[in-house]
Amino acid sequence: MNSNFELIEKNINGIKIIKITGELDAMVAPKLKERLAKLVENETYNFIINCEELSHINSLAMGILRGKLREVKEHDGDIKLSNLNDHIKTIFEMVGLDEIFEICATEEEALAKF
């Protein structure tokens, strides 16, 4: 069911860009948590999460992102979100996460804000 979930990573100017494809639900959210934890352990503190191909996100995954945001901010880092479709953006707005995450229309816009 979640075979379409994938994390695609690239680095631009010291910023880790992670493109999430598919559904980010309770079955695969721990994979995102583990990957972000490993990157933070290796002193990566600036992230862009590209949600262009994200079709679903659940509360567990949103909690993981919120927890990591708090953690990277302790190291003067940030997590910016880009390319949210209307469905995902509405979910973030409903739970108030649009208040704590900087949401950018494009990856390029997010990069320019670092």
Side-chain angles (χ1 to χ4, degrees):
M1 184 167 159
N2 294 307
S3 60
N4 62 347
F5 172 78
E6 190 176 9
L7 297 176
I8 302 164
E9 299 179 23
K10 63 183 175 182
N11 289 303
I12 297 180
N13 299 329
I15 298 163
K16 177 64 82 172
I17 300 170
I18 301 175
K19 185 174 190 177
I20 303 173
T21 63
E23 296 181 15
L24 192 48
D25 60 18
M27 296 296 291
V28 296
K31 292 179 185 176
L32 175 63
K33 183 178 183 176
E34 290 169 19
R35 186 62 191 135
L36 290 173
K38 189 72 163 169
L39 289 165
V40 169
E41 279 176 29
N42 291 322
E43 301 181 356
T44 299
Y45 303 120
N46 288 312
F47 297 90
I48 295 171
I49 306 295
N50 182 325
C51 302
E52 185 174 11
E53 295 181 28
L54 180 65
S55 59
H56 174 76
I57 188 167
N58 76 352
S59 59
L60 174 63
M62 289 186 288
I64 289 167
L65 288 173
R66 184 179 183 157
K68 284 298 163 196
L69 178 64
R70 193 174 305 124
E71 187 177 347
V72 300
K73 283 190 176 275
E74 291 173 5
H75 298 278
D76 296 321
D78 200 3
I79 298 174
K80 299 184 188 311
L81 306 175
S82 75
N83 302 79
L84 277 68
N85 65 37
D86 290 340
H87 171 68
I88 302 295
K89 190 172 186 181
T90 299
I91 292 170
F92 272 81
E93 290 169 351
M94 285 173 46
V95 297
L97 289 180
D98 62 319
E99 303 284 325
I100 63 166
F101 282 98
E102 188 164 3
I103 298 175
C104 302
T106 65
E107 200 175 280
E108 293 76 21
E109 178 187 332
L111 274 168
K113 295 197 178 212
F114 273 102

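Along the sequence shown, residues are numbered consecutively beginning with 1. Owing to the predicted nature of the structure, the values given are computational and were not obtained by experimental measurement.
Using modelled atom types, no side-chain atom of N13 and backbone atom of I15 make a donor-acceptor pair closer than 3.5 Å. Checked by atom type and distance alone, the side chain of S55 pairs as donor or acceptor with a backbone atom of G22 at under 3.5 Å. Checked by atom type and distance alone, the side chain of N83 never pairs as donor or acceptor with a backbone atom of E53 at under 3.5 Å.
Taking hydrophobic clusters as Ile, Leu, Val, Met, Phe, Trp and Tyr residues chained together by side-chain heavy-atom distances below 4.5 Å, F114 does not share a cluster with I103. Taking hydrophobic clusters as Ile, Leu, Val, Met, Phe, Trp and Tyr residues chained together by side-chain heavy-atom distances below 4.5 Å, I100 shares a cluster with L32. If you chain together hydrophobic residues whose side chains sit under 4.5 Å apart, F5 and M62 fall into the same group. In the hydrophobic cluster analysis, where Ile, Leu, Val, Met, Phe, Trp and Tyr join through side-chain heavy atoms closer than 4.5 angstrom, L69 is grouped together with I91.
Summarising the geometry of K16 relative to L39, their closest heavy-atom pair is CE-CD2, 3.7 Å, with the distance given to 0.1 Å. Nearest heavy-atom pair, N85 versus I88, reported as atom, atom and distance to 0.1 Å: OD1-N, 2.7 Å. Annotation for P30 and I64: closest pair N-CD1, 4.4 Å, computed over non-hydrogen atoms. The minimum heavy-atom distance linking D76 with N46 is given by the pair O-OD1, 4.3 Å.
Looking at T106 and S82, their side chains never come closer than 4.5 Å, going by heavy atoms from C-beta outward. Under the 4.5 Å side-chain criterion, counting only non-hydrogen atoms from C-beta, H56 is not in contact with L24. Put simply, the side chain of Y45 reaches to within 4.5 Å of the side chain of V40, judged on heavy atoms. Two residues are said to be in side-chain contact when any heavy atoms from C-beta on lie closer than 4.5 Å; I18 and L36 meet this criterion.
For the atom pair NZ of K80 and NZ of K113, the computed distance is 7.5 Å after rounding to the nearest 0.5 Å. In this structure, NZ on K10 lies 5.0 Å from CD1 on I17, to the nearest 0.5 angstrom.
Checking each of V28, I8, I49 against I20 for a side chain to side chain contact (heavy atoms under 4.5 Å, CB included) leaves exactly one that passes, namely I49. A salt bridge (Lys or Arg N to Asp or Glu O under 4.0 Å) with E9 is found for one member of R35, K19, K38 and no other, namely R35. When each of L97, I79, V95 is tested with R66 by the rule side chain to side chain contact (heavy atoms under 4.5 Å, CB included), just one qualifies, namely L97.
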| message | Run L65 and I57 through side-chain contact (heavy atoms from CB on, under 4.5 Å) and show every step you take. | response | CA-CA 11 Å; L65 288 173; I57 188 167; 4.1 Å; yes
| query | Going through the checks in order, is the side-chain contact (heavy atoms from CB on, under 4.5 Å) test met by L81 and I48? | reply | CA-CA 6 Å; L81 306 175; I48 295 171; over 6 Å; no
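Ring-plane geometry between F101 and F92 is classed as perpendicular, the angle between the planes exceeding 60 degrees on a 0 to 90 degree scale with a lower cut at 30.
The neighbour count for N11 CG, taken as heavy atoms of other residues, nucleotides or ligands under 6.0 Å away, is above 12.
Using a 4.0 Å cut-off between a side-chain N of Lys or Arg and a carboxylate O of Asp or Glu, K31 and E34 do not qualify as a salt bridge.
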